Amino acid sequence: QVQLVESGGGLVQAGGSLRLSCVASGRTLSRSLMGWFRQAPGKEREFVAVIRPGGDGTYYAQSAKGRFTISGDSAKNTVYLQMNSLKPEDTAVYYCAARSLGLFTTVANDYGYWGQGTQVTVSS
């Protein structure tokens with residue numbers, strides 16, 4: 001049984017930073033493609049970033065480039081999303097997702113495992 005548990009969300013002012021964490025159990029990062037998605041009220045879930053094991057490959061949504069950084073710690077089986085220069089439009093529930101190794105994918109349905117989500121609210 002694979003479990004993903006996110007943490008680190010909260011309320012922050014525009015321009016501030018947050019670091020989200022996703023701890024995986026039942027599946028090692030070395031065997032998974034790990035992604036972050038987000039979903040704002042009334043909107044579809046959208047891709048944010050993805051990482052290959054060992055950090056040897058990352059890919060970001062255009063909205064995240066230059067502001068967000070995805071990283072992984074295999075020893076802790078944890079993936080992080082460092083978010084800087086946050087904007088009100090970044091407000092959403094952020095989800096961690098995992099899938100078997102393969103090509104990068106930004107499609108939510110390609111990921112078979114999901115966390116419960118963590119709320120990020122950016123005030124103006």
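Worth saying up front: this structure is predicted, and the values here are computed from it rather than measured.
Closest heavy-atom contact between L81 and Y94: CD2-CD2, 4.2 Å. Nearest heavy atom pair, residue V2 against residue Y113, reads CB-CD2, 3.5 Å. Across all their heavy atoms, R52 and L33 have their closest contact at CG-CD1, 3.5 Å. Of all non-hydrogen atoms in S17 and S85, the two that sit nearest each other are OG-N, 4.3 Å. Between T105 and R99, the closest heavy-atom pair is CG2-NH1, 3.4 Å.
I70 is connected to V48 through a chain of hydrophobic side-chain contacts under 4.5 Å among Ile, Leu, Val, Met, Phe, Trp and Tyr, so both are in one cluster. Cluster annotation: W114 and V5 are assigned to distinct hydrophobic clusters (Ile/Leu/Val/Met/Phe/Trp/Tyr, side-chain heavy-atom contacts under 4.5 Å, transitive). In the hydrophobic clustering of ILVMFWY residues, with side-chain heavy atoms under 4.5 Å counting as a link, I51 and V23 come out apart.
Within the 4.5 Å cutoff, the side chain of W36 has heavy atoms near those of the V79 side chain. Side-chain contact check for T69 versus Y60: some heavy-atom pair is nearer than 4.5 Å. With a 4.5 Å cut-off on side-chain heavy atoms, E89 and V122 do not count as touching. V120 has its side chain within reach of L20: a pair of non-hydrogen atoms, C-beta onward, lies under 4.5 Å apart. Residues R67 and D90 form a side-chain contact, since some pair of their non-hydrogen atoms from C-beta on lies under 4.5 Å apart. Counting heavy atoms from C-beta on, the side chains of Y111 and V50 come closer than 4.5 Å. The side-chain heavy atoms of F68 and L86, taken from C-beta on, include a pair separated by under 4.5 Å. Side-chain contact check for R38 versus V93: every heavy-atom pair is 4.5 Å or farther apart.
The number of heavy atoms from other shown groups lying within 6.0 Å of CG (L103) does not exceed 12.
In this structure, N77 contributes its side chain and A24 its backbone to a donor-acceptor pair below 3.5 Å. Counting only distance, with no hydrogens or angles, the side chain of S32 and the backbone of M34 share no donor-acceptor pair below 3.5 Å. No side-chain donor-acceptor contact under 3.5 Å links E6 to the backbone of T118.
Relative to the six-membered ring of Y80, R19 meets both conditions, a distance below 6.0 Å and an angle of at most 45° to the axis.
Residue Q13 holds its CD atom at 9.5 Å from OG of S124, rounded to the nearest 0.5 Å. In this structure, CD in Q119 is found 7.5 Å from OG1 in T91, a value given to the nearest 0.5 Å.
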